[in-house]
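Below is one structure, written out as structure tokens; comments come after it.
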Amino acid sequence: MLDALTIATGAAALALAAWCGHAAFRDQPTKDWHFIGMAIVTLLTLVQLIVGIVQLARGEDPAQGTTLFVAYLIGSACAIPAAAFMSLAERSRWGSATVAAAAVVLTVLEVRLYDIWSG
């Protein structure tokens, strides 16, 4: 796993959490700029998914098991898009809060991915 990509994804997710959390605090729904931020974080997770699959295909094995690693990769790639759709359904401050919570969850998933890969 690429450590720099994991750190960049986690940092971007934390920035998105702070940004959307601030919007929820100010009683604002998610706006177009938030969706651009979500797209950037999702792109980072998709790149991480591809890198992880390529490393598995090359024969590298995570320390704590391939199945667990792939499950976390897929979960991390789905976290922000799922929150984005939920925030479209809830056009209030709670949509922004949902995205902020999902971004925090993504950060935790990134830490766990690192632990699974390196042991």
Side-chain angles (χ1 to χ4, degrees):
M1 214 47 207
L2 296 176
D3 293 343
L5 181 59
T6 304
I7 291 169
T9 305
L14 281 178
L16 180 65
W19 189 21
C20 289
H22 181 63
F25 178 74
R26 293 181 54 195
D27 201 21
Q28 296 176 341
T30 51
K31 300 195 172 152
D32 291 343
W33 293 108
H34 295 116
F35 285 101
I36 292 171
M38 287 183 255
I40 291 169
V41 173
T42 301
L43 180 66
L44 287 170
T45 60
L46 291 176
V47 168
Q48 188 176 41
L49 176 70
I50 292 168
V51 167
I53 290 173
V54 167
Q55 285 184 331
L56 290 174
R58 288 189 347 205
E60 298 179 37
D61 288 325
Q64 295 184 14
T66 303
T67 305
L68 185 63
F69 180 72
V70 170
Y72 271 86
L73 271 178
I74 293 170
S76 66
C78 295
I80 298 299
F85 282 116
M86 292 165 86
S87 74
L88 282 173
E90 181 60 47
R91 299 301 294 165
S92 68
R93 73 184 301 181
W94 297 110
S96 296
T98 301
V99 175
V104 171
V105 167
L106 177 60
T107 304
V108 173
L109 289 173
E110 292 298 314
V111 171
R112 185 68 180 119
L113 271 172
Y114 178 79
D115 289 342
I116 292 169
W117 186 261
S118 60

Check: What residues, two or more places apart in sequence or in another chain, satisfy side chain to side chain contact (heavy atoms under 4.5 Å, CB included) together with Val47?
Finding: Leu5, Val51
Margin query: Is there a continuous path of hydrophobic side-chain contacts, each under 4.5 Å between heavy atoms, that joins Ile74 to Tyr72?
Written below: yes
Item checked: Residue list, side chain to side chain contact (heavy atoms under 4.5 Å, CB included) with Leu56, at least two apart or on another chain -> Pro62, Thr66, Phe69, Val70, Trp117
Check: How long is the gap from OG1 on Thr42 to CG on Leu49, to the nearest 0.5 Å?
Finding: 12.0 Å
Item checked: Shortest non-hydrogen separation from Leu73 to Gly52 and the atoms involved -> CD1-CA, 4.0 Å
Next item on the list: Check for a donor-acceptor pair, side chain of Arg93 on one end and backbone N or O of Asp27 on the other, with a separation under 3.5 Å.
Entry: no
Next item on the list: First locate atom CD of Gln48, then atom CG of Leu43, and finally report the distance between them rounded to the nearest 0.5 Å.
Entry: 11.5 Å
Item checked: With sequence neighbours excluded, residues passing side chain to side chain contact (heavy atoms under 4.5 Å, CB included) with Ala17 -> Ala103, Val104
Margin query: Taking salt bridge (charged side-chain N to carboxylate O under 4.0 Å, His left out) as the cut-off, I'd like each qualifying pair that reaches into residues 62-71, sequence neighbours left out, listed once.
Written below: none
Checklist line | Shared-cluster residues of Phe85, by chain and number - hydrophobic side chains joined below 4.5 Å | finding: Leu16, Trp19, Trp33, Phe35, Ile36, Met38, Ile40, Val41, Ile80, Leu88, Val99, Leu106
Item checked: Minimum-distance pair of heavy atoms, taken over all atoms of Ala77 and Leu46 -> CB-CD2, 4.2 Å
Next item on the list: Looking only at non-hydrogen atoms, find the nearest pair between Pro29 and Arg91 and report the distance.
Entry: CB-C, 3.8 Å
Next item on the list: Check whether the side chains of Gln28 and Ser96 place a donor and an acceptor atom closer than 3.5 Å, and report yes or no.
Entry: no
Item checked: For Val54, the rest of its hydrophobic cluster, which grows through side-chain links under 4.5 angstrom -> Ile50
Note to self: Minimum heavy-atom separation for Ser87 and Thr30, please, with both atom names.
What the structure shows: OG-OG1, 3.4 Å
Notebook entry, point to check: Considering residues at least two apart in sequence or located in another chain, which fulfil the salt bridge (charged side-chain N to carboxylate O under 4.0 Å, His left out) criterion with Asp32?
Noted result: none
Item checked: Interatomic distance, Glu110 atom CD to Thr9 atom OG1 [nearest 0.5 angstrom] -> 5.0 Å
Next item on the list: Under the salt bridge (charged side-chain N to carboxylate O under 4.0 Å, His left out) rule, collect the residues that match up with Arg26, sequence neighbours excluded.
Entry: none
Note to self: For Asp115, give me all partners under side chain to side chain contact (heavy atoms under 4.5 Å, CB included), at least two apart in sequence or on another chain.
What the structure shows: Val111, Arg112
Margin query: For the CG atom of Leu113 and the CG atom of Leu68, what is their distance to the nearest 0.5 Å?
Written below: 8.5 Å
Check: What is the minimum heavy-atom distance between Ala12 and Leu44, and which atoms define it?
Finding: CB-CD1, 3.8 Å
